[in-house]
Amino acid sequence: IASICIDNTLTDLADMAATYYEEHFPPTCYRLFLRGRVFDLQRNYGKAIEYTERALTFEPVGMLHRMMLHNILGHLYRYVGDADKSLYHYEKSAKMNFGGVNVPSNVLDQCKKIRREDYSNFLFSIHNVNASREKIFQEIVGFNKLLEHIVPFTQSPQTHSRHKKIRLGYISPDIRRHVVIFFSYAFFKSYDKSKFEVYIYAKNHEDVFSSDIKTWVDKFENILFDAPQVAAQKIKDDEIDVLIDLAGHTANNCMEVLAYKPAPIIISAIGWFNTTGFKTVDYFMVDKFTDPVGLNEKFFTEKMLRLQQ
């Protein structure tokens, strides 16, 4: 009950349920974990860290709970401005070794999902510490290993060559009130309709900004509840010529969808500030100010599309 209340941000009810748990059961990893999450909801980050760190000391701690604890501590230390400790906990989860682990398949799937999310959290956070460009590049490229089991789709040049207009697809978890939209809304509203068709793939809950964008583009598809392969298949079925990802490794990203290579050309732009390091992404949109010629090419797996203004 406490967990359900926490997941639905019912802070007072979560506090009551956690208190009942504490009054009637001995301390365990999970009990401390829940209390830490309640303190997190209450924005008492110091206490949240204290209880979550204590939960890590209990033995045995199952792999799933250990990863969840590292995930939450990564968030909490980020909130209080401790970049080094935040990075440490994200990395512990991101690089968890599953070799020889005997757990139910559904638990293993949850662990893999957390590991992928925390690898992206780790990549975001490593930019906040004193790490070399070479080190950051190495870690970003390492993300490929987490999705190397995915077989990319086969593309047919004949399918795309028959289009009278170029089909542009934009995929993002931020097709809503978000800074990414403030930078990219013109792509959705002011494109040349005689030459292009624009398709949106939104991995987010919708708001008034989403509703406006729906009226501007040729197709709007919400993929929030789609499995990555299902979302990728929708993009492929729409015969998108060029897919532009607006998230990179930011929160709730679409990297698993990109792993299927659902379009013949994939571009990363706007939402991420470094290479994706991902083998299915072909180009990265930059300009002559953020990436002058010759400065950063060796740290990008993508070919740079350099705008002049």
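Bear in mind the structure is a predicted one, so any value in this text is a computation, not a measurement.
Taken from CD1 in Ile200 to CH2 in Trp216, the straight-line distance is 10.0 Å, to the nearest 0.5 Å. Note that CG of Leu147 is 8.5 Å distant from OH of Tyr260, once rounded to the nearest 0.5 Å.
Across Thr250 and Gly271, no two heavy atoms sit closer than the pair CG2-O, 3.5 Å. For Asn274 against Ile136, the heavy-atom pair with the smallest separation is ND2-CG2, 3.8 Å. In terms of heavy atoms, Val129 sits closest to Leu87 at CG2-CD2, 3.7 Å. Asp287 approaches Arg306 most closely through the heavy-atom pair C-CG, 3.8 Å.
Other residues, nucleotides and ligands contribute at most 12 non-hydrogen atoms within 6.0 Å of the OH atom of Tyr185. Environment of CG in Leu307: crowded, with over 12 heavy atoms of neighbouring residues, nucleotides or ligands closer than 6.0 Å. Counted within 6.0 Å of NZ on Lys95, heavy atoms from surrounding residues, nucleotides or ligands total more than 12; the atom is thus considered enclosed.
Contact of the Phe98 side chain with the Leu108 side chain is registered, since non-hydrogen atoms from C-beta on lie closer than 4.5 Å. With a 4.5 Å cut-off on side-chain heavy atoms, Thr19 and Val38 do not count as touching. Side-chain contact between Met63 and Val103 is present, with at least one heavy-atom pair separated by less than 4.5 Å. The shortest distance between side-chain heavy atoms of Tyr20 and Met16 does not fall below 4.5 Å.
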Next item on the list: Tell me, with the steps shown, if Arg35 and Asp40 meet salt bridge (charged side-chain N to carboxylate O under 4.0 Å, His left out).
Entry: CA-CA 9 Å; Arg35 175 51 71 184; Asp40 182 14; over 6 Å; no
Margin query: Using salt bridge (charged side-chain N to carboxylate O under 4.0 Å, His left out), reason through Lys236 and Asp238 one step at a time and then give a plain yes or no.
Written below: CA-CA 5 Å; Lys236 186 175 187 299; Asp238 284 338; over 6 Å; no
Next item on the list: Assess whether salt bridge (charged side-chain N to carboxylate O under 4.0 Å, His left out) is satisfied between Lys203 and Glu256, documenting all intermediate values.
Entry: CA-CA 12 Å; Lys203 187 187 174 187; Glu256 282 187 80; over 6 Å; no
Margin query: Set out, in order, the CA-CA distance, both residues' side-chain angles and the distance that settles side chain to side chain donor-acceptor pair (under 3.5 Å) for Tyr90 and Lys92, then state yes or no.
Written below: CA-CA 6 Å; Tyr90 284 141; Lys92 292 290 282 187; over 6 Å; no
Notebook entry, point to check: How far apart are the C-alpha atoms of Glu221 and Lys234, what are their side-chain angles, what is the distance that settles it, and do they pass the salt bridge (charged side-chain N to carboxylate O under 4.0 Å, His left out) test?
Noted result: CA-CA 9 Å; Glu221 183 84 33; Lys234 287 181 177 180; 3.1 Å; yes
Next item on the list: Verify side chain to side chain donor-acceptor pair (under 3.5 Å) between Ser210 and Asp207, making sure each step is shown before the conclusion.
Entry: CA-CA 5 Å; Ser210 314; Asp207 60 13; 3.2 Å; yes
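Of the N and O atoms on the side chains of Tyr201 and Asp226, not one donor lies less than 3.5 Å from an acceptor on the other residue. A donor and an acceptor atom, one from each side chain of Thr275 and Glu302, are located under 3.5 Å apart. In the model, His163 has a side-chain atom that pairs as donor or acceptor with a side-chain atom of Asp241 under 3.5 Å. Side-chain contact of His70 with Tyr88: a donor-acceptor pair under 3.5 Å is absent, judged by distance alone.
Between Lys279 and Glu148 no salt bridge is recorded (no basic side-chain N to carboxylate O distance below 4.0 Å). Between Lys112 and Glu117 there is no salt bridge, since no side-chain N of the basic residue sits under 4.0 Å from a carboxylate O of the acidic one. With respect to the salt-bridge test (charged N to carboxylate O, under 4.0 angstrom), the residues Arg116 and Asp118 do not qualify. Look at Lys303 and Asp282 and you find no salt bridge, because none of the NZ, NE, NH1 or NH2 atoms lies under 4.0 Å from a carboxylate O. Checked for salt-bridge contact, Lys47 and Glu50 meet the test: a charged N lies under 4.0 Å from a carboxylate O.
A donor-acceptor pair under 3.5 Å is absent between the side-chain atoms of Asn253 and the main chain of Ala247, judged by distance alone.
Both the sub-6.0 Å distance and the 45° axial angle are not jointly satisfied by Lys165 relative to the ring of Phe196.
The aromatic rings of Phe33 and His65 sit tilted, their planes meeting at an angle between 30° and 60°.
Checked against the 6.0 Å centroid criterion, the rings of Tyr170 and Phe188 qualify as a close aromatic pair. Aromatic rings from Phe278 and Phe143 are positioned such that their centres are separated by under 6.0 Å. Ring pair His249/Tyr119: centre-to-centre distance not below 6.0 Å. Annotation: Phe284 is in aromatic contact with Phe300 [ring centroid separation under 6.0 Å].
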